[in-house]
Amino acid sequence: MSEEKKPNNFIEDIIEDDLNNGLSKDKLRFRFPPEPNGYLHIGHASAICLNFGLGEKFNKPVNLRFDDTNPAKEEAKYVDAIKKDVQWLGYKWDNLCFASDYFQELYDWAIHLIKEGKAYVDSQSSEEMAAQKGTPTEPGVDGPYRDRSVEENLALFEGMKNGDFGEGEHILRAKIDMKSNNMLMRDPIMYRVVNRDHHRTGDTWKIYPMYDWTHGESDYLEQISHSFCTLEFKPHRELYDWFLDQIVDTDKVRPKQREFARRNISHTVTSKRKLQKLVEQNIVTGWDDPRMTTISGLRRRGYTAASIKNFADSIGIGKRDNLVDMNHLEFHLRDDLNKIADRVMCVLDPIKLVITNYPEDQVEILQAENSQEDESRGFRKVPFSREIYIEREDYREEANKKFFRLKNGKEVRLKNAYIIKGEGCIKDADGNITEIHATYDPDSRSGSGSEASMRKIKGTLHWVSAAQALPVEVRLYDRLFTVPSPDTDKEKDFMEFVNPDSLEVITAMAEPAMKNLSIGQTVQFQRMGYFCVDPDTTDDKLVFNRTVTLRDTWAKVDA
RNA sequence: UGUCCCAUGGUGUAAUGGUAACACUCCGGUUUUUGGUACCGUCAUUCAAGGUUCGAGUCCUUGUGGGACAACCA
């Protein structure tokens, strides 16, 4: 066995460089820092796999930290949902942390900055401050409160903390450089007054720290060695470092922020705000609608954690803009499901087929394997009789030789059963086929070992015995958007690209053994795709989600 | 009329100055009681122009194209 070494990505290069430059390996520590203001999506999954993957690669701890500094948007239910999603992906965090745990420390450090003359209370309106801030191409100017005395700043900040002021009256700003090329360095806001209860600290605090003031200091408090975030935070790095400079102790690990490109997946949106709009406008039934690319939606759809991890791993990590084709994700999904899903028969678009030379009241119990490749997965019993259902599209009165399925005068094999020959069909007044007639070769039973059963027949169909068929609801999903990149159009809003046919609900005919499936279980409907049992299932009705179709080369030939 | 980031097949990544590699997709083929799976094969001289070098996808310069930055959001 040759030990094929997977090449490093640039993130791993950064870490190994640091290790080579004197960072002790036992100081390595990472974190995944979501804001609990919504559900995690496939984009977060990439970040989770990156950070926790690093933890696994270097065998070092990873914290799950909630960046909960804005009580106006955050809720405890999101904390629970995020924890569930991370666990479902198969990762274990070292410490469960909250930025809100550091409010006191952050406050004390802010006092320190005020005393150093590096922070001040500004009492202007946000409009006035915005006007002074300049633009990316024009420098800002100093505001009138910039040179308040330390005593006055201390008193005002204390008042803010005590709830003496309303929202918007005063804020605390870092005193850096209003002329900096970097807008974020133009005296960024550190604290604002928010009169809202926090999901963890209740009404203890009237002031809340901003992201920039919180993030690096939280990394430092947790002694995170490497703090990875997406590219749009690149301009924040200078501020991250400036804030760290104010408080860092040289004996401790100084966290390093580095940025990677977020992953964009075709035919979907990966933005909490946009996903929320789909929920609000009832385009989908909720955050866990199987069409949603939230982790909870993918889970309900039947995606496996392994498929998501393998996907994240295979697309790697980079710094350039990207649009990863959904095919990549579906490849890894099929790859995993192919290994773990038992095979069954279910007819999605049933039409009755009568085997005219089969005894009227006879029912045979046939054996069907659960896996073509792996006999150890066992067998199940499938009833066979004179009247069965097959897929409507599997029969044509006449067809060219590329059509391997049932046609008049030609033979096909019924999976795990007999070889039949098309004899004709019955049509209604409009010419629609209502019933197909066929004859069977009694010596051709699958597994009988007879010469007839061994015959090479090009086509094999799945089927279900009509009398024993189990009607089930099947939800067929298609892409949520009709274009690969719905949210990059300059003129049109992404909502204009919503696919109106992303859901089709049908009643299908399943083999009776399927009534024993449990919620969440995935099976392969042979020749049709992978399907999982939805939680909407009741004692009376089984509900399936189509997780993904099989690859279908016939669809291309036929088109 | 600023600062910063990015540029390798249709897609995503690799090549760490020395033969452009891997996966997906597409197309073609072999096997198959799933038109599935598995297996095999075809598909790029690296945005452009200069420069450094024995040698450049990689380093330098200048273009070109794309992106980020002006929330009391994260």
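A quick note: this is a predicted structure, and the numbers were derived from the prediction, not measured. Excluded from the calculations below are hydrogen atoms, water molecules and symmetry mates; all remaining heavy atoms, backbone and side chain alike, are included. Convention: sequence-line order gives letters A, B, ...; per-chain numbering from 1.
For B:A56, there is no paired nucleotide, since no Watson-Crick or G-U wobble pair has both relevant distances below 3.5 Å. B:A68 and B:U3 make up a base pair, with Watson-Crick or G-U wobble contacts both under 3.5 Å. With a cut-off of 3.5 Å on both Watson-Crick or G-U wobble distances, the partner of B:C24 is given as B:G10. When both distances must be under 3.5 Å, the Watson-Crick or G-U wobble mate of B:G36 does not exist. As the counterpart of B:U45, no nucleotide is assigned, since no Watson-Crick or G-U wobble pattern has both distances under 3.5 Å. Both distances falling under 3.5 Å, in either a Watson-Crick or a G-U wobble arrangement, occur for no nucleotide opposite B:G17.
B:U32 and B:U45: their C1' atoms are spaced 40 Å apart (whole Å). B:G17 and B:U52 have their C1' atoms separated by 11 Å, given to the nearest Å.
Taking the six-membered ring for Trp and the full ring otherwise, the centers of A:Trp554 and A:Phe404 sit at least 6.0 Å from each other. Close placement of the A:His170 and A:Phe165 rings is indicated, their centers lying within 6.0 Å of each other. With ring centers used as reference points, A:Tyr240 lies 6.0 Å or more from A:Phe233.
Bounding nucleotides for the chain A contact on RNA chain B, 5' to 3', at a heavy-atom distance below 4.0 Å, are B:G2 to B:A74.
Within 4.0 Å of A:Arg405, counting heavy atoms only, lies at least one base atom of the nucleic acid. Nucleic acid contact class of A:Glu167 (heavy atoms, under 4.0 Å, all strands): none.
Counting heavy-atom neighbours within 6.0 Å of A:Glu280 CD, excluding the residue itself, gives a total above 12.
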Report task. Before giving the answer on side chain to side chain contact (heavy atoms under 4.5 Å, CB included), spell out for A:Glu12 and A:Lys57 the whole-Å C-alpha distance, their side-chain angles and the decisive distance to 0.1 Å. Result -> CA-CA 9 Å; A:Glu12 292 161 341; A:Lys57 172 171 173 142; 3.5 Å; yes

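A:Phe544 is linked by a ring-ring contact (aromatic ring centres under 6.0 Å, His included) to A:Phe525, counting only residues two or more places apart in sequence or in another chain.
Proximity of residues 323-338 of chain A to RNA chain B (heavy atom under 4.0 angstrom from any strand atom) is restricted to A:Leu323, A:Val324, A:Asp325, A:Asn327, A:His328, A:Phe331, A:Asn338.
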